[in-house]
Amino acid sequence: MNFPSRRSFVRMLVALLLLAVNLRLAVTSAAALLTLLIGDGALTPQAAVLVPALPTAMFAIAGVFTPWLSRRLGAGSAVSWAMVILIAGLLLRSIPHPIAIVAGTAFATAGIAVVNVLMPALVRAAAGTRIRAVTTAYTTLMSLAAALGAAAAVPSALLLGSSSLGLGMWALPAMLALVVWMLVARSADVNGAMASRASDSGRPLPAGTWALTGFFALQALSSYVLMGWLPTIAIDAGIDPTRAGMLLAIVMLLSIPAAIAAVSVSHSVVGVRVGVVVVGITSIAGMLGFWLAPTLAPEVWAGLLGIGSAAFPLALALIARAGSSAADTARVSGVAQGVGYAIATLGPLGAGAWHGLGGDWGAVLAVLVVGAALQAAIGLALAAPGRRRSDAFPTPPSTTTVPV
């Protein structure tokens with residue numbers, strides 16, 4: 001994207017950050033409200049199993065179709081339509097009926113999914129050599145908004161007198177983001193920047209794509225099991241619903257400084273190795289805490305999981321650097337997120353089905369512990385000392401941008 005002035009660049013940055021605010025709100029607010037929705041009759045236990053699984057399923061589908069959609073409509077229009085679908089889904093979820101809530105969740109997360117896939121490429125096209133700073137900013141806001149959704153969902157629903165309205169209220173920030181995006185994208189060459197190498201779609205994928213996909217899949221599986229079911233796990237252990245929602249908020253809040261640290265070290269092989277070890281150890285420790293002693297120090301376990309969730313921004317930072325152009329980044333992002341989320345869907349869906357059959361949460365947490373260990377092993381292999389630096393850590397091309 002070419003920005004004739006600093007003001008134009010700042011406007012695009014604000015638009016991207018407003019989009020980022022909406023990329024987790026629909027997920028964490030639903031997780032915090034699952035128990036209340038069932039209690040109010042707005043969801044059946046069977047339908048409740050689907051709600052945490054839909055995000056990863058939609059993200060997987062989007063990973064396959066979003067690159068095509070971007071070429072067909074243009075990246076700017078694809079994002080605009082995705083936000084319209086997100087808003088429609090959130091409004092639909094305000095209807096207290098299982099079909100409306102499940103369908104609304106499908107629509108909302110489908111819209112989020114398209115923006116998810118395009119965001120690393122949009123950041124690369126907009127930021128140029130400032131990828132690290134912009135990635136840090138948008139992942140930080142995304143985590144902060146996710147924490148807000150988890151913490152405020154139950155109190156807001158109680159204030160509104162309706163658990164389903166507690167879901168639908170998050171359409172408001174999405175509307176704001178859509179308006180700002182449409183105003184800003186119209187004046188920036190978003191489509192040109194993203195389509196400049198559309199012909200590259202037939203080329204082999206950049207080296208390191210499949211290792212990134214495996215890493216992304218495992219972190220997504222763990223993240224969405226916890227994002228979808230952690231409040232329920234805590235409630236089943238005897239923790240108050242409001243406090244249980246706050247535990248998920250703690251995970252999201254602690255992920256912010258962890259994300260900043262992860263992005264800051266992702267430019268080097270040594271930094272990535274340190275990052276994957278730290279997120280692996282803290283993830284395993286937090287899961288073991290909720291498994292073996294859930295009521296002893298749940299805030300501590302949640303904090304550890306928050307640090308462990310830095311695997312997500314670490315993966316995004318690596319994806320944003322993949323290949324030699326924004327178009328390459330979009331292709332890698334599509335594969336990593338499409339295949340990764342397809343695998344990750346088994347996590348929240350399997351966890352919900354197991355719980356619905358009367359299974360103990362300990363078995364689910366044990367599987368997550370194994371997954372975290374495997375994730376760390378793949379991350380270490382990705383950053384192996386003998387690996388050519390250009391395979392996994394290509395240097396973004398010099399791009400003329402307005403200084404931030």
Side-chain angles (χ1 to χ4, degrees), residues 21-63 65-66 81-117 142 145-146 148-150 152-154 156-157 160 162-175 177-178 220-221 223-232 245 248 252 337 341-342 344-353 355-356:
V21 166
N22 292 278
L23 296 185
R24 291 296 179 271
L25 279 174
V27 179
T28 56
S29 59
L33 286 168
L34 272 182
T35 301
L36 283 181
L37 288 164
I38 295 172
D40 291 347
L43 270 182
T44 63
Q46 294 76 20
V49 172
L50 296 174
V51 172
L54 281 169
T56 50
M58 293 297 104
F59 295 171
I61 295 171
F65 289 104
T66 297
W81 280 109
M83 292 303 295
V84 169
I85 293 171
L86 166 60
I87 293 166
L90 291 171
L91 292 175
L92 184 58
R93 294 206 308 184
S94 63
I95 301 173
H97 190 281
I99 293 177
I101 292 175
V102 171
T105 299
F107 279 115
T109 52
I112 290 171
V114 172
V115 183
N116 260 343
V117 173
M142 190 164 58
L148 174 64
V154 173
S156 297
L160 294 170
S162 168
S163 54
S164 59
L165 286 178
L167 292 176
M169 61 179 283
W170 301 109
L172 295 175
M175 291 176 185
L178 173 61
L221 187 151
S223 294
Y224 280 87
V225 169
L226 295 171
M227 205 178 297
W229 291 107
L230 181 59
T232 304
L248 183 54
M252 297 296 106
Q337 297 199 44
Y341 280 127
T345 300
L346 300 175
L349 185 60
H355 178 60

* Using side-chain contact (heavy atoms from CB on, under 4.5 Å) as the criterion, list what pairs up with Ala82, not counting sequence neighbours. => Val114, Val115

* Using a 4.5 Å cut-off on heavy atoms from C-beta on, say whether the side chain of Val49 contacts that of Leu349. => yes

* For Thr345, what residues pass the side-chain hydrogen bond (donor to acceptor under 3.5 Å, both in side chains) criterion, not counting sequence neighbours? -> Thr56

* To do: Report the distance from atom OH of Tyr341 to atom CG of Leu346, rounding to the nearest 0.5 Å.
  => 14.5 Å

* Structure fact -> In terms of heavy-atom contacts, Leu167 and Ala30 come closest through CD2-CA, 3.6 Å

* To do: Flag the pair Ile112 / Asn22 as yes when at least one side-chain heavy-atom distance between them is below 4.5 Å, and no otherwise.
  => no

* State the CG-CD1 distance between Leu172 and Ile87, to the nearest 0.5 angstrom. => 9.5 Å

* Asked: Taking all non-hydrogen atoms of both residues, which atom of Leu91 and which atom of Ala171 are closest, and how far apart?
  -> CD2-CB, 3.7 Å

* How would you list, by chain and number, every residue that makes a side-chain contact (heavy atoms from CB on, under 4.5 Å) with Ile85, sequence neighbours excluded? -> Phe107

* Under the ring pair (Phe, Tyr, Trp, His ring centres under 6.0 Å) test, which residues partner Trp170, sequence neighbours left out? -> none

* **Pro52 side chain near Tyr224 side chain, heavy-atom distance below 4.5 Å** => no

Side-chain donor-acceptor pairs under 3.5 Å in residues 31-48, sequence neighbours left out?
unit_1	atom_1	unit_2	atom_2	d
Asp40	OD2	Ser163	OG	2.8
Thr44	OG1	Ala47	N	3.1

* Asked: With sequence neighbours left out, what residues match Ala145 under side-chain contact (heavy atoms from CB on, under 4.5 Å)?
  -> Val21, Leu25

* Taking all heavy atoms of Pro173 and all of Met169, pick out the closest pair and write down the distance. => CD-O, 4.0 Å

* To do: Considering non-hydrogen atoms only, spot the tightest contact between Ala174 and Leu90 and give its length.
  => CB-CD1, 4.3 Å

* Set of side-chain contact (heavy atoms from CB on, under 4.5 Å) partners for Ala146, sequence neighbours left out -> Arg24, Thr28, Met252

* **Partners meeting side-chain hydrogen bond (donor to acceptor under 3.5 Å, both in side chains) with Ser162 (sequence neighbours left out)** => Ser164

* Of all the heavy-atom pairs spanning Leu92 and Ala100, show the shortest one and how long it is. => CG-O, 3.5 Å

* **Where at least one partner belongs to residues 84-105, residue pairs that pass side chain to side chain donor-acceptor pair (under 3.5 Å), sequence neighbours excluded** => Arg93-Thr105

